[in-house]
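For reference, the structure discussed in these notes is given below.
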Amino acid sequence: MARAVLPVSDTTEVLPLYLDGELDTVGFEILGRHSLRVDAGRTVSFGSYFNAFPASYWRAHTGVREVRLTVRTSGAGGVVRVMRSDPDARPMLVEERGITDVREELFALSLDGFDDGGCYWFDLVADDDGLLFDGADWTVAASRPAGTASVGMATFNRPADCLSQLDTIARDPTMLAVLDRIIVVDQGTDLVTAQAGFEDVARSLGDRLVLVRQANLGGSGGFSRAMAETLDRGESDYVLLLDDDAICEPEAIVRAVRFADYASAPTIVGGGMIHIDARTVLYAQSEQWDTRIGWVDLNRADAYDHDFARTPFRSTPFAHRLHRSDFNGWWMCLIPVEVLRAHGLSLPLFLKGDDVEFGLRAKAGGVATVSVPGIALWHLGWGGKAPTRTWEAYFLHRNRLIGELLHSPQRRPHLVVAHSFFGDLKPLLTLQYSAVRLRALAIRDVLDGPESLPRRLATRAGEVRALWAGFADATTVDPAAHAVGTGRVRAVPSGRAAQAVLLARLWMRQLLVPAAGSSRTRPDAHVKADELSWSTFTQIDSALVDTPDGAATVWYRRSRGATVRALGRSIRLHALLWWRWPALARRFRGAAAELSSPRQWAEIFAEHS
């Protein structure tokens, strides 16, 4: 049987259980990872993100047509109710059975009727004497050999996080049963092998643990090394890419492997991201790409930052519907090795967008990405990182344009170029001159063509960081050392007409009015990170601005000359990009297969190991 267990967390915040539709800690007691006690007269629903069975996904992407639910209980009595939902999250009772003494109930459940969405779960109702839950399994008839995976982890100076991840893997026999190797590609100077406790973890993992040292080639270089190692060893069916600073749910890894085993065709199985600092909030799952503008589609209701503590899984239609995925973040992504053989490894992009490009490349080759509910890990959300305000803005922009040159269906994607240009305007209005400068460098490097990617892989990050560090908006200051003025920070007005008028006035001020001399010696205001908007500098010329993670403060200062120069440069570069797009697209598409090939990567690894 292919088995997927229902884990019970030791904290309801990490793995919510819902009592009568509300997150609660009253009415049950968690006894272990797979067991709990239900208090007399109470109902516990396992209709939650991790515990429900995603029937529509199994129906759509596998040949399985029946799933079996086994529920183990003991106690004087009670009821187990099997429930199902439709795409609108409307619950329906499938079957109800009374429980007497020690019982193991087996339910055979058809996957018919789940074409557009819906899932299965079960509820437990205790009688007056309470009820013990001793675990449950979702199983399907074994019609295929069980596959195995190698985990690939790229790490850079996060040795404690990496070791914690390894320790989690080492302690879970269920997960180890589906893993051949755990390949750690250490690209830093603070090595995981130097951490206290590493030897104990390494001893537990034995020859499963493979350590690779190489120069910092970014996420694309680290993960491609893990892909190449997996291919060379020839023992795994899949490679599972896993971020070093995430907290993995071992059961989710098992589920990813089993889903891939039963997929009707080779399938990339993605995992969702749950906020590590708000553990009932699902940051992202089933991400989609807007081909019109060449950017992630951020306008789908409930697709990002859904809090199951506010709106439980059972009441969230988005969580019950069948969604398309165009790609999956490499925080957790299972890729069949046959997909690597057919479509190559990552492009040498260093970081940002390599996972998007790979997903779009696989999709163009007929390989689906499926992000399955109940398969996820915990990770720091992007809000605390804000890459558009750091040196990473270069890679974010360059790689996004390269991805569009490779995969845009349009000969000249006017909206992509326009979206890129408008992306320069907001940082100009918010005095983030470093971001606009890095975006300009990104376009220039794109115009250079694909041939420069391998030779810049190990050096461009350092060059970009040095350039970024030279700007005032990238230099941290001590806010206590500066007396802040009483300048007024203007909020974005309501109404489009008022916004248009204010925006026009702001641009006139930015381009025509020199900044007050006092703004260079004394900040006019102090602005929190979440308060920064395009209207902030309508009436002031400088401000202390907190970084998104709250760990530092920088001093933004307006310069009319810098604004004029940056705007002119942006107009010239975008006009050139638009004009040369068709020829550039041909060059990048002609070079892509070689750039992502194991042979090309072997040369890179040999040079930088």
Side-chain angles (χ1 to χ4, degrees), residues 290 292-296 298-299 352 386-401 404 412-447 467-468 471-474 489-515 519 527 529-543 545 548 554 556-579 581:
D290 188 338
R292 299 169 305 159
I293 61 173
W295 197 246
V296 180
L298 301 174
N299 297 315
K352 300 297 178 189
T388 57
R389 296 194 198 179
T390 72
W391 59 273
E392 294 179 0
Y394 163 84
F395 291 102
L396 197 65
H397 195 52
R398 185 199 67 174
N399 298 347
R400 170 260 188 114
L401 292 175
E404 288 309 294
R412 269 200 183 92
H414 308 300
L415 286 179
V416 171
V417 178
H419 192 265
S420 172
F421 172 68
F422 288 129
D424 282 353
L425 301 185
K426 182 176 179 180
L428 277 180
L429 291 179
T430 53
L431 316 188
Q432 296 173 68
Y433 299 115
S434 65
V436 184
R437 182 68 182 84
L438 293 181
R439 287 166 60 91
L441 179 61
I443 296 177
R444 284 182 174 143
D445 282 357
V446 168
L447 293 171
L467 176 61
W468 175 71
F471 284 82
D473 60 275
V489 177
R490 178 103 183 235
V492 177
S494 59
R496 292 186 177 180
Q499 291 176 9
V501 170
L502 182 61
L503 187 60
R505 289 173 53 195
L506 180 54
W507 272 115
M508 292 288 289
R509 183 173 185 271
Q510 295 277 31
L511 296 173
L512 300 178
V513 180
S519 67
V527 180
D530 58 357
E531 295 174 345
L532 184 67
S533 72
W534 62 264
S535 65
T536 296
F537 294 96
T538 303
Q539 295 172 294
I540 61 175
D541 289 323
S542 71
V545 180
V554 294
Y556 287 13
R557 302 166 189 166
R558 186 167 76 86
S559 167
R560 183 176 71 90
T563 301
V564 171
R565 288 191 297 273
L567 184 60
R569 182 171 55 234
S570 179
I571 291 171
R572 291 192 301 273
L573 285 173
H574 281 93
L576 188 58
L577 179 66
W578 178 86
W579 178 253
W581 189 281

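As a basis for the values below, the full set of heavy atoms in this structure was taken, side chains included, without hydrogen atoms, waters or symmetry mates.
With values rounded to the nearest 0.5 angstrom, Trp507 atom CH2 is found 5.0 Å from Leu425 atom CG. Separation of atoms CH2 (Trp468) and CZ (Arg437) is listed at 15.5 Å; rounding is to 0.5 Å. In this structure, CG in Leu438 is found 5.5 Å from CG in Leu467, a value given to the nearest 0.5 Å. Rounding to the nearest 0.5 Å gives a distance of 5.0 Å between CG of Leu502 and CZ of Arg490. The structure places CZ of Phe421 at 10.0 Å from CD1 of Ile443, a figure rounded to the nearest 0.5 Å. Summarising the geometry, atom OG1 belonging to Thr563 is positioned 9.0 Å from atom CZ belonging to Arg565; distances are rounded to the nearest 0.5 Å.
Taking the six-membered ring where tryptophan is involved, the planes of His574 and His397 are tilted, since the angle between them lies from 30° to 60°.
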In sequence, state the C-alpha distance, the side-chain angles, and the governing distance for Leu577 and Leu401, and then conclude on side chain to side chain contact (heavy atoms under 4.5 Å, CB included). CA-CA 10 Å; Leu577 179 66; Leu401 292 175; 4.2 Å; yes

Would Leu567 and Leu511 count as a side chain to side chain contact (heavy atoms under 4.5 Å, CB included) here? Give the steps. CA-CA 9 Å; Leu567 184 60; Leu511 296 173; 4.0 Å; yes

Walk me through whether Tyr556 and Val527 qualify under side chain to side chain contact (heavy atoms under 4.5 Å, CB included). CA-CA 10 Å; Tyr556 287 13; Val527 180; over 6 Å; no

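Closest approach of Ala440 and Arg569 over heavy atoms only: CB-NE, 3.8 Å. Across all their heavy atoms, Pro514 and Leu512 have their closest contact at CD-O, 3.5 Å. The heavy-atom pair separating Arg292 from Leu415 by the smallest distance is O-CB, 3.2 Å. Between Ser519 and Ser542, the shortest heavy-atom contact is O-OG, 3.1 Å. Counting all heavy atoms, side chain and backbone alike, Arg509 lies closest to Phe537 at NH1-O, 3.1 Å. Between Arg400 and Ile293, the shortest heavy-atom distance links the atoms NH2-O, 2.9 Å.
Using a distance-only test at 3.5 Å, with no hydrogens or angles considered, no donor-acceptor pair links the side chain of Thr536 to the main chain of Leu532. A donor-acceptor distance shorter than 3.5 angstrom exists from the side chain of Gln510 to the backbone of Leu429, with no hydrogens or angles considered. Using modelled atom types, one side-chain atom of Tyr433 and one backbone atom of Ser559 make a donor-acceptor pair closer than 3.5 Å. Within the 3.5 Å criterion, the main-chain N or O of Thr538 finds no donor-acceptor partner in the side chain of Arg505. Looking only at distances, a side-chain donor or acceptor of Ser535 sits under 3.5 Å from a matching main-chain atom of Val492.
For the pair Asp445 and Tyr394, the minimum side-chain heavy-atom distance is below 4.5 Å. Put simply, the side chain of Arg558 reaches to within 4.5 Å of the side chain of Val513, judged on heavy atoms. Proximity of Val545 to Thr430: side-chain heavy atoms (C-beta onward) are nowhere separated by under 4.5 Å.
Asp541 and Arg560 are not joined by a salt bridge, as no carboxylate oxygen comes within less than 4.0 angstrom of a charged side-chain nitrogen.
Between the side chains of Ser570 and Asp424, at least one donor N or O sits under 3.5 Å from an acceptor N or O.
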